Amino acid sequence: MKKSVEKFNIIKNRKIKVDDFINRALYKPKIGYYTNKMPFGKKGDFVTSPTISNLFSEIIAIWIISTWETLGKPKIFNLVELGPGDGSLSEVLVKTFKNFPTFNNSVKFFLYEKSEFLKRIQKKKLNGTNLKWINDYKNIKGGPIIFFGNEFFDAIPIKQFFIKDKKLLEKCYIFNGKFLEETQCKPKLSDLNNLKSFKILKKLKFIEYPKQGLGELSKIVKKIKSLSGGVLLIDYGYMEALNESTIQIVMKNRQIHKKNLLKYIGNADITSLVNFSLLNEFFSKKKLNVKRVVTQKFFLERMGIIERAKILEKKMNEKQKKYMITTLSRLLNKSSMGELFKVIFAYKSNNKKFFGFE
Ligand SMILES: C[S@@+](CC[C@H](N)C(=O)[O-])C[C@H]1O[C@@H](n2cnc3c(N)ncnc32)[C@H](O)[C@@H]1O
């Protein structure tokens, strides 16, 4: 443990803010979780919808094509996947788009990924496609733009604040020589002012504030405002704030107790639940239209996932059918991902007929 503490530059008795700590744990070059380890799949630490079932990705492909139609079938249509992970979703999208030649000829497809390690994995998987990796959006021009991300937002570090003696304080960690203890720090005035500008956060005693995530979304909103289009985010989260920490530390598909955080630092994922009401308010404040937030179950069913499964079933043997039913129920069941995962779409367009939300 001493070694890992030194590597991550965590100094005894020096306070570190929650988001700074998570940033180091996930993205410190060479040793951060997303810079050195394959997180996805059965042998990884967690599974995501695109790594569970191709059906999920096919439905996203259909949603993207229907959105292109709603936007008037533009000749240039920019598409950006946010945080593509192991590239599973994009792989199915590329394959599905080939069945729709007019659409396919219009698409300019970009991948926005922070981790160099995952970029290498994506490039290997998507070898031979004409996808482009980007670090910012400035060279994307021409037609409208659609951003989409599955479990993108939950992977971005958050800040935490709490009220003590009527004062809003920021949560920090301090290394006491054995483990990380929770403590308090004086918040920056600009952070306090920003979070106080959100109605949804006003009455809370414990606040999770995705400063970095909203920074990412601000760049996205700016691009949507100049080109038109929208952003679709799918993630696990809530509508009613919980007044408690939602940070989870996950390894080998299990949650790890936060007391053991330092032991597994760099080898465990750290995520938090997404506050969809906050995202809603954020997009509205930025003057984008927002579709009502729906559950993953609602969205996938509205987009025809059951009908698609019935078509595929006809060509399957019993073993394949069984597998498809199991994975489909993981995506849709209330007790699994169906309700906890939610979908939000914020957009700028005169036509409001986007599918999946009504
Ligand atoms: C939880 S994974 C989800 C991966 C994939 N979308 C899936 O559903 O399987 C989060 C992804 O977002 C990327 N990511 C996190 N923060 C990012 C940022 N600020 N900019 C770009 N990519 C980021 C991670 O490196 C990773 O690829």
Side-chain angles (χ1 to χ4, degrees), residues 17-29 32-35 39 48 60 78-85 89-90 109-119 122 132-140 144-160 188 190-191 194-195 197-198 200-201 207-237 246-247 269-288 290 293 341-348:
K17 289 184 172 173
V18 170
D19 55 341
D20 290 339
F21 173 77
I22 301 176
N23 248 332
R24 273 182 221 181
L26 298 184
Y27 298 107
K28 193 161 195 287
Y33 180 72
Y34 279 107
T35 68
T48 58
I60 300 297
N78 300 298
L79 205 52
V80 182
E81 180 173 1
L82 303 164
L89 175 52
S90 283
F109 199 158
F110 303 93
L111 299 184
Y112 181 73
E113 172 58 64
K114 178 173 177 165
S115 153
E116 291 302 323
F117 172 76
L118 287 178
K119 260 187 215 174
Q122 293 156 15
K132 282 201 181 91
W133 278 258
I134 47 170
N135 297 319
D136 57 56
Y137 313 124
K138 61 175 188 278
N139 290 325
I140 304 182
I145 187 161
I146 291 293
F147 295 87
F148 63 98
N150 184 62
E151 292 203 39
F152 167 68
F153 207 74
D154 77 69
I156 305 177
I158 55 163
K159 282 183 168 293
Q160 294 186 322
K188 262 189 177 174
S190 56
D191 289 339
N194 281 336
L195 75 87
S197 72
F198 288 96
I200 204 84
L201 301 176
I207 297 173
E208 298 201 313
Y209 185 65
K211 180 182 176 180
Q212 203 181 313
L214 295 185
E216 288 291 339
L217 293 188
S218 294
K219 292 185 267 178
I220 288 169
V221 168
K222 201 171 157 202
K223 203 68 198 178
I224 293 171
K225 285 198 151 174
S226 84
L227 295 180
S228 84
V231 52
L232 179 86
L233 297 172
I234 305 173
D235 225 311
Y236 51 120
T246 69
I247 288 181
D269 188 26
I270 305 174
T271 68
S272 52
L273 297 186
V274 175
N275 183 343
F276 277 87
S277 297
L278 180 70
L279 292 189
N280 202 343
E281 191 178 338
F282 171 81
F283 287 128
S284 303
K285 272 165 69 150
K286 295 273 183 188
K287 306 256 179 311
L288 287 189
V290 194
V293 175
F341 276 70
K342 305 200 169 40
V343 189
I344 190 167
F345 181 56
Y347 63 98
K348 182 188 166 190

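What you see is a predicted model, and the numbers here were worked out from it, not measured in a lab. Hydrogens, waters and symmetry mates play no part in the numbers below; they use all other heavy atoms, side chains included.
- Expressed to the nearest 0.5 Å, how far CG of Asp235 lies from OG of Ser272 amounts to 8.5 Å.
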So Val80 and Ile220, side-chain contact (heavy atoms from CB on, under 4.5 Å) or not? Walk me through it. CA-CA 10 Å; Val80 182; Ile220 288 169; over 6 Å; no
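- Taken from CD1 in Ile270 to CG in Leu26, the straight-line distance is 5.0 Å, to the nearest 0.5 Å.
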Evaluate Ile247 against Gln160 for side-chain contact (heavy atoms from CB on, under 4.5 Å), listing each step before the verdict. CA-CA 10 Å; Ile247 288 181; Gln160 294 186 322; 3.6 Å; yes
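- For the 3.5 Å distance criterion, the side chains of Glu208 and Thr246 qualify, holding a donor opposite an acceptor.
- No donor-acceptor pair under 3.5 Å is formed between the side chain of Glu116 and the backbone N or O of Thr35.
- Residues forming a salt bridge (charged side-chain N to carboxylate O under 4.0 Å, His left out) with Lys348 (at least two apart in sequence, or on another chain): none.
- Between Ala155 and Tyr34, the closest heavy-atom pair is CB-OH, 4.1 Å.
- Across Thr271 and Asp269, no two heavy atoms sit closer than the pair CG2-OD2, 3.0 Å.
- Under a 4.0 Å N-O distance rule, the pair Asp191/Lys211 qualifies as a salt bridge.
- No more than 12 heavy atoms of other residues, nucleotides or ligands shown are found within 6.0 angstrom of NZ on Lys132.
- Rounding to the nearest 0.5 Å places CG of Asp19 at 10.5 Å from CZ of Arg24.
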Which is it for Phe198 and Lys285 under the side-chain contact (heavy atoms from CB on, under 4.5 Å) test, yes or no, and what are the steps along the way? CA-CA 9 Å; Phe198 288 96; Lys285 272 165 69 150; 4.1 Å; yes
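- The six-membered or imidazole ring of Tyr137 lies near that of Phe147, with a centre-to-centre distance under 6.0 Å.
- The heavy-atom pair separating Leu201 from Ile207 by the smallest distance is O-CD1, 3.7 Å.
- Contact detail for Phe152 and Leu233: the closest heavy-atom pair is CD2-CD2, 4.5 Å.
- Between Lys287 atom NZ and Ile224 atom CD1 the span is 15.5 Å, to the nearest 0.5 Å.
- Between Gly237 and Lys342, the closest heavy-atom pair is O-NZ, 2.9 Å.
- No side-chain N or O of Glu151 forms a donor-acceptor pair with one of Thr48 less than 3.5 Å apart.
- Of the options Leu278, Leu195, Asp154, Val274, a side-chain contact (heavy atoms from CB on, under 4.5 Å) to Pro210 is made by Leu278 and by none of the others.
- When all heavy atoms of Leu214 and Phe282 are compared, the closest pair comes out as O-CZ, 3.7 Å.
- For Asn280 (side chain) and Phe276 (main-chain N/O), no donor-acceptor pair under 3.5 Å exists by modelled atom type.
- For an aromatic pair to be called close, the ring centres must be under 6.0 Å apart, and Tyr112 with Phe110 fails this.
- Residues Leu217 and Lys286 fail the side-chain proximity criterion, which asks for heavy atoms closer than 4.5 Å.
- Between the side chain of Glu281 and the backbone N or O of Ile200 there is at least one donor-acceptor pair closer than 3.5 Å.
- Atom CD1 of Ile134 and atom CD of Glu113 lie 11.5 Å apart (nearest 0.5 Å).
- Residue pairs satisfying the salt bridge (charged side-chain N to carboxylate O under 4.0 Å, His left out) criterion with at least one member in residues 222-232, sequence neighbours excluded, are absent.
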Can you check side-chain contact (heavy atoms from CB on, under 4.5 Å) on Phe153 and Asn275, steps first, answer last? CA-CA 10 Å; Phe153 207 74; Asn275 183 343; over 6 Å; no
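- Tyr347 contributes atom OH, which lies 10.0 Å from atom CG of Leu288 (distance to the nearest 0.5 angstrom).
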